[in-house]
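The structure appears below as structure tokens.
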There are 2 protein chains.
Amino acid sequence: MQRETRQRKAIRRALTEAGHPLSPKEIHEAAGALVEGLGIATVYRNVNALLEEGWLVAVELPGEAPRYERAGKEHHHHFHCRKCDRVYEVEGCPGNITAVTPAGFQLERHEFVLYGLCLSCAA
Amino acid sequence: MQRETRQRKAIRRALTEAGHPLSPKEIHEAAGALVEGLGIATVYRNVNALLEEGWLVAVELPGEAPRYERAGKEHHHHFHCRKCDRVYEVEGCPGNITAVTPAGFQLERHEFVLYGLCLSCAA
DNA sequence: GTCGTTGCAAAGCGTTTGCAGCCTA
DNA sequence: TAGGCTGCAAACGCTTTGCAACGAC
């Protein structure tokens with residue numbers, strides 16, 4: 001990654017200003033409003049480049065298309081509201097993870113996703 | 001779902017005997033060994049039919065194609081080996097889940113996925 | 001001016017669908 | 001024998017890749 005093109009700037013800006021994880025399509029729409037004729041291939045190429053650079057992290061929810069958010073956040077998990085489809089960050093980590101790891105298995109990382117209704121949808 | 005064809009029998013058997021969640025491709029390979037010339041489209045059609053029937057449940061891992069396992073198992077989670085790409089079942093649940101749920105949120109279900117190396121790949 | 005980057009279009013890849021013929025009940 | 005089911009191939013949607021032109025440094 002060496003050149004800061006108009007396209008890359010627009011993609012960075014779209015992700016920074018969104019405040020929540022964006023899908024490639026959403027990035028294309030948001031950044032496309034800033035740069036005329038932005039190609040979807042450019043979005044994918046930049047997303048992958050930004051992932052490699054460590055500027056982005058993928059938020060992969062089961063059964064959902066991957067979304068992307070800015071890197072640098074603390075270890076957290078996600079709560080997925082089934083009604084409004086929004087994703088919330090959840091602090092902390094439940095209990096002893098190594099305890100449930102089968103003997104001989106090498107645990108490297110884990111994902112943890114909560115499903116249900118968020119505060120406003122539960123009301 | 002009305003007819004128990006050779007193909008459907010083979011798919012049911014493959015899933016029953018596997019003992020761990022299978023991807024459509026894995027189902028195709030396993031059931032294809034039992035029925036000559038089994039088509040991949042038939043696998044997809046039957047998987048969807050068996051899901052609707054409630055005989056199967058989808059195991060959806062973040063960023064992964066869905067896999068399928070027999071319904072009716074006890075509550076469990078999964079371990080995904082990054083080397084052999086297989087998915088193992090993990091017994092138990094790591095501690096206090098409600099404790100990390102934000103106040104006011106209605107928790108309905110949760111997914112928990114471990115990543116790393118399985119017993120044979122870690123050796 | 002170099003060469004990393006872009007837009008377009010085509011290629012991949014996994015999944016779904018249309019269709020004519022097959023085979024289970 | 002009827003019509004649900006199958007294999008094949010084409011269609012699909014999303015992502016990646018090849019290529020010639022563009023433009024950041």
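Everything quoted here is computed from the prediction, not taken from an experiment. Here is how names work: the chains are called A, B, and so on, in the same order as the sequence lines, proteins then strands, and each is numbered from 1. All heavy atoms count here, side chains included; hydrogens, waters and symmetry mates do not.
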Main-chain N/O of A:L38 paired to A:H28 side chain as donor or acceptor, under 3.5 Å: yes
message: Does this structure show an ion pair linking A:R8 with A:E53, if we count only N-O contacts that are shorter than 4.0 Å?
response: no
Carboxylate-amine/guanidinium proximity below 4.0 Å for A:R13 and A:E17: yes
Roughly how many Å is it from [atom1] in [X] to [atom2] in [N], rounded to a whole number?
{"X": "B:E29", "N": "C:dG14", "atom1": "CD", "atom2": "C1'", "result": "14 Å"}
{"X": "B:R8", "N": "D:dG4", "atom1": "CZ", "atom2": "C1'", "result": "9 Å"}
{"X": "A:I40", "N": "D:dC14", "atom1": "CD1", "atom2": "C1'", "result": "9 Å"}
{"X": "A:N48", "N": "C:dT5", "atom1": "CG", "atom2": "P", "result": "13 Å"}
{"X": "B:E26", "N": "C:dG14", "atom1": "CD", "atom2": "P", "result": "13 Å"}
{"X": "B:H28", "N": "D:dT6", "atom1": "NE2", "atom2": "P", "result": "12 Å"}
{"X": "A:E36", "N": "C:dC8", "atom1": "CD", "atom2": "C1'", "result": "16 Å"}

field: B:H78 and B:H20: CA distance, side-chain angles, deciding distance, side chain to side chain donor-acceptor pair (under 3.5 Å) verdict
entry: CA-CA 9 Å; B:H78 297 96; B:H20 65 98; over 6 Å; no
Contact pattern, 5' to 3', of nucleotides 19-25 of chain C - B, S or - by protein heavy atom under 4.0 Å: ----BBS
- prompt: In terms of heavy-atom contacts, does CD of A:E108 have more than 12 from other residues, nucleotides or ligands at under 6.0 Å?
  reply: yes
task: Give a yes/no answer on whether the side chain of A:N46 brings an N or O atom under 4.0 Å of OP1 or OP2 in C:dT5.
output: no
task: Determine the sole option in B:E89, B:E111, B:E91, B:H110 for which the side-chain hydrogen bond (donor to acceptor under 3.5 Å, both in side chains) test with B:H77 is passed.
output: B:H110
